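These notes concern the structure reproduced below.
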Number of protein chains: 2
Amino acid sequence: MVTDKGGRHRNPLAALGEFIQKKGLKHSRQRDAIARAFFAMGGHVPVDALVARVREQDPRVSVATVYRTMKLLAECGLAVPRRFGEGQTRYEPSTRRHSDAHDHLICTSCGEIVEFESDRISELQLRVARRHGFEIDRRRVELYGRCSDCRRGTSKGESIA
Amino acid sequence: MVTDKGGRHRNPLAALGEFIQKKGLKHSRQRDAIARAFFAMGGHVPVDALVARVREQDPRVSVATVYRTMKLLAECGLAVPRRFGEGQTRYEPSTRRHSDAHDHLICTSCGEIVEFESDRISELQLRVARRHGFEIDRRRVELYGRCSDCRRGTSKGESIA
DNA sequence: TGTCATCTTGATAACGATTATCACTATCAA
DNA sequence: TTGATAGTGATAATCGTTATCAAGATGACA
């Protein structure tokens with residue numbers, strides 16, 4: 001096992017290898033290249049950007065393969081798919097120090113994405129849900145607005161929804 | 001003006017009429033039918049369901065027209081587009097008593113959607129955002145889980161993310 | 001009431017992201 | 001080395017939504 005106590009992966013590439021083995025799948029140059037590129041990029045990577053990055057090394061990897069590989073990474077818990085306002089799916093590595101139950105602040109003008117986590121907020125949400133008879137197993141919290149840099153650049157503050 | 005002090009519309013159809021007039025647009029049988037159907041349905045209406053409903057009255061309205069009309073309703077603040085987990089856009093009437101800054105509880109097994117609102121949660125979110133230099137103007141909070149009915153039906157509780 | 005500029009409509013092509021298909025290739029245990 | 005099986009690339013297909021465009025409806029004004 002290449003995962004530590006918290007279930008997080010010290011070495012994602014090795015973890016992927018294990019998963020492939022365990023499932024009776026096969027290793028491949030492409031999967032390795034895609035996974036490497038993905039973890040090298042970090043952040044919240046749109047698939048097309050990942051395709052571009054991978055193709056710098058090997059121009060003939062197919063988009064289909066990249067999609068397939070990202071599904072694989074998601075399946076084994078090394079990546080988490082996210083959908084923000086746009087149409088595309090972004091993948092986020094889940095090898096981080098913090099848990100993956102974090103939320104996102106998204107700057108609508110420069111696209112910056114900041115992660116945050118608040119136990120108090122989560123706690124309140126669970127409580128509200130419980131009050132309505134719900135048992136929550138997945139949350140999606142996205143706050144859209146403008147980061148300090150962007151506000152500085154233009155007319156100061158707008159409305160707060 | 002057909003809006004009350006809160007900016008909410010007593011009579012959405014009339015409000016739409018005003019908007020059309022003000023913008024120099026034109027009234028049409030289709031727009032009227034679509035708006036009527038939409039407000040009659042209530043809730044969180046997927047476009048295809050709305051198309052079906054409208055076609056019960058007038059089978060020849062085009063999907064394009066329904067999409068166009070919903071954009072119009074969104075533009076004049078009578079409807080709010082929402083995107084939950086699925087691929088499609090749902091529209092929600094904003095003629096309700098409560099403000100439109102509410103959040104959603106979504107049952108992943110029966111699809112039920114419950115709205116809730118928590119000033120404390122919103123307040124905490126704004127505070128966290130401010131701490132990161134963000135000024136929020138749009139939020140998206142969706143809690144996915146299982147409603148009480150659905151949990152009753154099958155094996156009791158699952159994980160809490 | 002008729003005219004005419006302008007807006008709307010319906011049918012359908014186009015779109016963008018993602019998935020399915022399929023012939024061909026690579027992997028790996030024996 | 002072989003053979004069974006999984007993976008790949010190219011591309012067609014899908015799905016929700018938008019763009020296009022010829023034809024039809026609307027409404028201010030004469």
Side-chain angles (χ1 to χ4, degrees), chain A residues 13 16-38 44-76 79-91, chain B residues 16-38 44-76 79-92:
Chain A
L13 260 10
L16 174 60
E18 267 183 25
F19 183 82
I20 286 176
Q21 200 103 32
K22 198 185 308 167
K23 286 266 187 172
L25 307 178
K26 292 173 182 175
H27 294 274
S28 82
R29 176 173 43 82
Q30 292 87 332
R31 283 181 176 167
D32 192 64
I34 294 166
R36 257 177 224 289
F38 172 62
H44 304 78
V45 189
V47 177
D48 58 349
L50 182 55
V51 170
R53 176 77 168 248
V54 171
R55 282 184 171 164
E56 288 173 12
Q57 305 303 129
D58 181 348
R60 39 180 138 184
V61 279
S62 158
V63 271
T65 300
V66 174
Y67 274 105
R68 287 188 279 237
T69 302
M70 291 320 293
K71 275 207 154 176
L72 197 64
L73 287 179
E75 207 180 316
C76 65
V80 180
R82 302 264 182 204
R83 257 161 206 238
F84 300 128
E86 336 117 321
Q88 17 148 262
T89 298
R90 285 164 182 265
Y91 280 93
Chain B
L16 174 61
E18 268 183 25
F19 183 82
I20 286 175
Q21 199 103 31
K22 198 185 309 169
K23 286 266 188 174
L25 305 178
K26 291 175 179 172
H27 295 272
S28 83
R29 177 173 42 83
Q30 292 88 330
R31 283 180 176 164
D32 193 63
I34 293 165
R36 256 175 224 289
F38 172 62
H44 303 79
V45 189
V47 177
D48 58 348
L50 181 55
V51 170
R53 175 77 168 247
V54 171
R55 282 184 172 163
E56 286 172 15
Q57 304 303 128
D58 181 348
R60 37 181 142 182
V61 280
S62 159
V63 271
T65 300
V66 175
Y67 275 105
R68 287 187 280 238
T69 303
M70 291 319 294
K71 277 207 152 175
L72 197 63
L73 287 179
E75 207 181 318
C76 64
V80 180
R82 301 264 181 204
R83 253 161 212 237
F84 299 128
E86 335 117 321
Q88 16 147 261
T89 299
R90 286 164 181 267
Y91 281 91
E92 182 182 352

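Letters go in sequence order (proteins before strands), and every chain restarts at 1. The structure presented is a predicted model; accordingly, all values stated were derived computationally and were not measured.
The phosphate of C:dG10 (OP1 or OP2) has a side-chain N or O of B:Gln30 nearer than 4.0 angstrom. An OP1 or OP2 oxygen of D:dT8 is reached within less than 4.0 angstrom by a side-chain nitrogen or oxygen of A:Ser28. Neither OP1 nor OP2 of D:dG16 sits under 4.0 Å from any side-chain N or O of B:Gln88. At the phosphate of D:dA28, neither OP1 nor OP2 sits under 4.0 Å from any side-chain N or O atom of B:Lys26. Between C:dA17 and A:Thr89, no contact under 4.0 Å exists linking OP1 or OP2 to a side-chain N or O. B:Tyr67 has a side-chain polar atom (N or O) that falls below the 4.0 Å cut-off from OP1 or OP2 of D:dT17.
The minimum heavy-atom distance between B:Val54 and B:Ile34, with the atom names listed, is CG2-CA, 3.9 Å. Scanning all heavy atoms of the two residues, the minimum distance from B:Lys71 to B:Tyr91 falls at N-OH, 4.2 Å.
Rounding to the nearest 0.5 angstrom, the gap separating the SG atom in A:Cys76 from the CZ atom in A:Phe19 is 5.0 Å. Note: A:Leu16 CG to A:Asp32 CG = 8.0 Å, rounded to the nearest 0.5 Å.
In this structure, B:Lys23 reaches neither bases nor backbone, as no heavy-atom distance under 4.0 Å exists between it and the strands shown.
Between D:dA6, C:dA17, C:dT8, one nucleotide has an atom nearer to the side chain of B:Leu25 than all others, and that is C:dT8. Considering only side-chain atoms of A:Arg31, the nucleotide from D:dA28, D:dG7, C:dT18 that sits closest is D:dG7. Listed candidates were C:dT18, C:dG10, D:dG9. Nearest to the side chain of B:Thr65 is C:dG10. Taking every side-chain heavy atom of A:Arg68 into account, D:dT8 is the closest of C:dC28, D:dT8, D:dT17.
Distance CG (A:Leu72) to C1' (D:dA6): 12 Å, rounded to an integer number of Å. The CZ-P distance, from B:Arg82 to D:dG16, rounds to 21 Å in whole Å. Counting to the nearest Å, the P atom of C:dC24 and the CZ atom of A:Arg60 are 18 Å from each other. The interatomic distance linking A:Glu75 (CD) with D:dA6 (P) rounds to 14 Å, in whole Å. Counting to the nearest Å, the P atom of C:dT25 and the CG atom of A:Asp58 are 16 Å from each other. Atom NZ of A:Lys71 is separated from atom P of C:dT18 by 10 Å (rounded to the nearest Å). Atom CG of A:Asp48 is separated from atom C1' of C:dC15 by 15 Å (rounded to the nearest Å). Spacing between atom CG of A:Asp32 and atom P of C:dT27 amounts to 11 Å, rounded to whole angstrom units.
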Practice problem: Please assess B:Arg83 against A:Arg83 for the test side-chain contact (heavy atoms from CB on, under 4.5 Å), listing each intermediate value before the final yes or no. | Solution: CA-CA 10 Å; B:Arg83 253 161 212 237; A:Arg83 257 161 206 238; over 6 Å; no

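When atom types are taken as modelled, the side chain of B:Arg31 and the backbone of B:Lys26 share a donor-acceptor pair closer than 3.5 angstrom. A:Arg90 contributes a side-chain N or O that, together with a main-chain N or O of A:His44, makes up a donor-acceptor pair within less than 3.5 Å. A:Arg55 places a side-chain N or O within donor-acceptor distance of the main-chain N or O of A:Val61, the cut-off being under 3.5 Å.
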Check nucleotides 11-13 of chain D for protein N or O atoms closer than 3.5 Å to its own N or O atoms and list the pairs.
none

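If B:His27 and B:Arg83 are placed on DNA chain D by their nearest nucleotide, the residue sitting closer to the 5' end is B:Arg83.
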